[in-house]
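I have placed the structure first, in the form of structure tokens, so that the comments after it can refer back to it.
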Amino acid sequence: MTENTDTSADNAGEFRPEARSPRGFADKRAHEIAIERRLIANVSKVYEDFGFEALQTPAFEYADALGKFLPDADRPNVGVFAQQDDDEQWMALRYDHTAPLARFASQNWDGLPKPFRRYAFGPVWRNEKPGPGRLREFMQCDADTVGTDRPEADAEIIALAVAGFKANDLPTVLKINNRKLLNGLLSSLGVSTPAQQLGVLRAIDKLDRLGLEGVQLLLGAGRKDESGDFTKGAGLNDAAAAAVLSFVAAGRTSEGTQADRTTVLNNLAAVLDNSPEGQAGLEDLSRISTALNGLGVDESQAIFDPSIVRGLEYYTGPVFEAELLLETRDEKGRPVAFGSVGGGGRYDDLVARFTGQQVPATGFSFGVSRLAAALALAETGAIKPVRGPVVIIAFSESDMGDYFKLAAEIRAAGIPAEVYLGRSGMKAQMKYADRRFSPAAVMLGGDELANGTVTIKDLDLGRELASQISDNKEWREGRPGQVTLPRSEAIAHLRKITQTA
RNA sequence: GCCGUCUUAGCUCAAUUGGUAGAGCGCCAGAUUGUGGCUCUGGAGGUAGCUGGUUCGAAACCAGCAGACGGUACCA
């Protein structure tokens with residue numbers, strides 16, 4: 001016990017901060033970090049295979065560059081972490097990778113090969129209410145193409161996203177829509193005020209959660225939820241609401257199942273036949289579909305879904321949203337809906353904010369943190385802690401040099417190893433190795449040093465044998481999984497143990 | 001942001017109508033002087049979220065604040 005139990009410093013009035021992490025910020029331990037790293041590595045590989053180059057931009061941007069001031073009728077200027085620099089300019093932590101890309105592309109436009117294709121990963125920060133699977137600091141991995149308006153660029157982004165999920169064995173479906181369809185629908189219905197347009201889009205966006213009835217209420221007068229809260233509706237008349245509902249229903253067959261891409265396009269063509277913008281949107285999707293067929297993205301991986309909205313007043317064309325099909329449960333066995341694990345779309349106005357020139361762009365963002373959380377939950381019951389190092393037991397103060405020498409030899413063989421550096425006895429050291437989930441403990445005590453031997457205990461094997469032994473004396477004296485052998489054979493034996501660990 | 005529920009040991013939770021805080025698990029130690037698990041024994045660990053109020057007396061009642069959870073809104 002080396003903890004400080006001295007209370008003399010504990011004078012009255014001395015400030016003692018509570019050890020806690022800020023709301024919406026979480027620590028990550030080895031297991032979770034390993035999952036995240038694997039996700040990022042796999043996705044990065046896919047992105048590079050598709051020809052996207054890596055780009056890293058700083059965590060802070062000037063607030064005006066972040067696009068915090070994109071017009072959004074009823075969103076106040078909250079949601080980012082901002083602070084004033086020495087020179088009083090406002091800086092803010094990035095809330096995604098797209099806005100920094102727009103800044104970078106504008107700043108370096110003349111020197112860039114165009115279309116410019118880059119991917120980026122790293123933490124982003126959003127100052128808003130955290131929830132399960134929703135933190136204020138989280139990891140995203142983005143890929144974007146800047147400088148082409150071809151629908152094929154969108155199709156490629158979709159294929160990229162699908163490949164990214166596949167590389168991680170994540171069962172997902174990518175849902176695709178086109179903002180032009182929604183705009184065409186709205187103008188053909190005579191919905192022209194921004195407030196009413198927003199109302200309709202938000203209502204459509206809730207289809208998956210509230211169903212057709214809920215959406216119908218939100219399109220009309222409004223809806224009261226079970227908590228008694230009333231949400232004001234978009235105020236459409238019955239005919240307009242019916243048109244919106246038939247638009248939304250175009251994603252389904254008459255049996256209610258998901259329709260294939262061609263069928264959805266045909267359904268939508270009937271609904272949007274008097275809207276030029278709607279027809280343009282359908283043309284985009286048709287070309288995307290053709291490209292997807294060429295890219296080998298089939299109907300089970302990417303579908304057209306007219307109810308996908310995303311980023312109001314931000315996206316200008318095709319939009320994508322990835323839904324995780326993995327069934328996850330929390331520690332109490334209740335199912336957890338993870339919802340969107342990635343999304344993106346075409347944003348043709350973002351670079352123009354800086355340069356005044358229209359620069360079309362499209363991209364996708366992979367929700368690394370949320371996926372890692374989903375994977376961690378999905379693995380519940382089969383959670384594999386990260387393997388610890390081979391632990392060398394420290395017997396004697398005077399033999400520390402020998403322990404370190406052996407540790408160096410083991411490391412040189414490519415096996416992680418450490419000398420126990422606490423001051424506790426043998427039993428505690430074994431326990432330490434057990435807790436670290438170490439594959440082996442190595443004993444180089446007085447006997448071994450005198451005889452030129454080393455004793456190696458296979459902890460996994462011992463763990464396995466322990467279940468068959470109930471008598472403590474037998475357990476201790478039997479030394480399950482333990483062998484003493486000439487020191488020259490130590491590395492080979494450890495290799496054997498760690499290879500199967 | 002709004003509405004609701006909740007906050008007692010590291011974790012999960014108890015404790016007649018207000019009477020001065022307890023269990024299980026975990027942790028540490030011993031039984032077992034060089035051996036993880038099992039078993040037994042012992043031990044440490046709590047400003048009762050925070051602040052104020054009511055009361056002879058508050059974990060309990062009241063108010064404010066903070067945090068957690070659920071719903072809703074928003075989601076770049």
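All chains are named by letter (A, B, ...) in the order of the sequence lines, taking the proteins before the strands, and each is independently numbered beginning at 1.
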Any side-chain N or O of [X] below 4.0 angstrom from OP1/OP2 of [N]?
X	N	result
K206(A)	C74(B)	yes
W475(A)	G36(B)	yes
R476(A)	C38(B)	no
R310(A)	C74(B)	no
R435(A)	G36(B)	no

| Is there a donor and acceptor pair closer than 3.5 Å between the side chain of Q482(A) and the base of U35(B)? | yes

| message | I'd like to know if K427(A) reaches the base of U35(B) with its side chain such that a donor and an acceptor end up less than 3.5 angstrom apart. | response | no

| message | Within the 4.0 Å heavy-atom criterion, would you say K457(A) contacts the bases, only the backbone, or no part of the nucleic acid? | response | base

| task | Check whether the side chains of Q499(A) and R495(A) place a donor and an acceptor atom closer than 3.5 Å, and report yes or no. | result | no

| Over how many whole Å does the gap from M430(A) atom CE to G37(B) atom C1' extend? | 11 Å

Could I get a table of every N or O pair under 3.5 Å where one atom is in the protein and the other is in nucleotides 40-43 of chain B?
none

| message | Expected output check: what is the dot-bracket annotation of RNA chain B, where ( ) and [ ] are pairs inside the strand (brackets for crossing ones), | is paired with another strand, and pairs are Watson-Crick or G-U under 3.5 Å? | response | (((((((..((((.....[..)))).(((((.......))))).....(((((..]....))))))))))))....

| task | Taking atom P in both A58(B) and U12(B), compute the distance separating them and give it to the nearest angstrom. | result | 28 Å

